[in-house]
Amino acid sequence: MAEKRDFYEVLGLQKGASDEEIKKAFRKLAKQYHPDLNPGDKEAEQKFKEVNEAYGVLSDPDKMAKYDRFGHAGVDPSYGAGQGGGFGGGFGGFGGFDGDIDLGDIFGSFFGGGMGGRSSRRQNAPQKGADREARVTITFEEAAFGCKKDISFNRIEKCEDCGGTGAAKGTSPETCSQCHGSGTVTSQQRTPFGVFQSQTACPTCGGKGKTIKTPCTSCNGQGFNRKSKKLTVTIPAGIDDGQNVVLSGQGDAGRNGGPNGDVFVEISIKKHAIFEREDRNIYCDVPITFSEAVLGATIDVPTLEGKVDYEIPEGTQTGTVFKMKGKGITEIRGSRRGDLIFRVVVEVPKNLNKQQKELLKAFSDSIGEKNNVQKKSFFDKLSDMFK
């Protein structure tokens, strides 16, 4: 038997990971190795099975507790058989037992119940339905102010014709005649140590405790059908790219009276032509003319609500940064808004005619640009570097 990898290692987690961390890691890896996305890739198929097995244990609190305590043997009693360990012929130390001995109880005392009978009882226990995923793309403004979007996805629903029983209309499942509704059958074996008995899933009903004589034709006796579902998602203001909106109870139908799974809607935000976002603040560049920079002016600044007048002082240099408070993104769980931070970029005039060039040269001479102290200081420092 090939050595199994540690389940935490399979999901890329540390021991003690939270339910949310386990679920997030599973969704990521299941999507990465899903056979539909890796057709013909045997390695991906094997990893997909490995990820599912790991999640099946770590997502169940009881199984995870046994795994943390006993490792793979705690959730799979057959693990390690024939590898020079396990229980081998080690029952000799128990001496001569009188009466019946339930192997399920013996193994249950070691592993918390991993035999067929207990598995069957868990099979009949309420089970939460599987989660589903969807993705929706929204604009920058929709993310800033919130919106509603329609999504479509497939999910498992109870069959409408049979109500989830799997039996045709007018009929109902019957108690299994072999196991009498327990879902398990008991077998006995006489040994020198006494009579051993073990429980396994009933072969007639598959551990369900009930049989269906006349299956529902709509679901072929399964009690469930795959259907396309449309929902409207309310996306809150301030949501960021890659975040999820969770639709509780809208995933696959639960079994045996268990709750439905959830739908995780991943949000993708389109890039904006002007703005960039960092947390709750937004950023942009605003071009101004040479004369506006020199003389100062009231300029138009784009915001999420439209253009706003903003006064810039005379002598504004290119690259100067200004802030407009409260014009950014609203925090997703609150009312505070970030800021709009914009940088002015002075546009240098091109294609000047002769008269304009002469006027500009005269202006340059009048302010003594050739002997500009700041410029001279810069070149002096530059010269000092190479002395």
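Keep in mind that this is a model prediction, so the values were computed, not measured.
Considering Y283, Y310, F275 in turn, Y310 is the only one that fulfils the ring-ring contact (aromatic ring centres under 6.0 Å, His included) rule with F342. Under the salt bridge (Lys or Arg N to Asp or Glu O under 4.0 Å) rule, D252 has a single partner from K128, R132, R155, which is R132.
The number of heavy-atom neighbours closer than 6.0 Å to CD of E276, taken from other residues, nucleotides and ligands shown, is 12 or below. The 12-atom threshold is exceeded at CD of E311, counting heavy atoms of other residues, nucleotides or ligands nearer than 6.0 Å. At most 12 heavy atoms of other shown residues, nucleotides or ligands fall within 6.0 angstrom of atom NZ in K158. The number of heavy atoms from other shown groups lying within 6.0 Å of CZ (R5) is above 12. In E160, the CD atom is not crowded: 12 or fewer heavy atoms of neighbouring residues, nucleotides or ligands sit closer than 6.0 Å.
Ring orientation note: the planes of Y67 and Y8 are tilted relative to one another, at an angle of 30° to 60°.
Taking every heavy atom of both residues into account, K213 and P215 meet most closely at O-CD, 3.5 Å.
Between K49 and E45, at least one side-chain nitrogen of the basic residue sits less than 4.0 Å from a carboxylate oxygen of the acidic one, meeting the salt-bridge criterion. In summary, D285 and R343 engage in a salt bridge, as defined by a charged side-chain N under 4.0 Å from a carboxylate O. Between R277 and D240, at least one side-chain N (NZ, or NE/NH1/NH2) sits under 4.0 Å from a carboxylate O, which counts as a salt bridge.
R255 places no side-chain N or O within donor-acceptor distance of the main-chain N or O of G257, the cut-off being under 3.5 Å. Looking only at distances, a side-chain donor or acceptor of Q356 sits under 3.5 Å from a matching main-chain atom of N353.
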field: side-chain contact (heavy atoms from CB on, under 4.5 Å) between C179 and T184, worked out
entry: CA-CA 6 Å; C179 67; T184 63; 5.8 Å; no
query: Could you go step by step and tell me if S268 and D241 meet the side-chain contact (heavy atoms from CB on, under 4.5 Å) rule?
result: CA-CA 5 Å; S268 177; D241 189 67; 4.0 Å; yes
- prompt: Where do N244 and R27 land on the side-chain contact (heavy atoms from CB on, under 4.5 Å) test, with the steps shown first?
  reply: CA-CA 13 Å; N244 288 323; R27 288 201 304 269; 4.0 Å; yes
task: Could you give me the CA-CA distance, side-chain angles and deciding distance for E43 and K47, then say whether salt bridge (charged side-chain N to carboxylate O under 4.0 Å, His left out) is met?
output: CA-CA 6 Å; E43 183 179 354; K47 287 185 177 180; 3.5 Å; yes
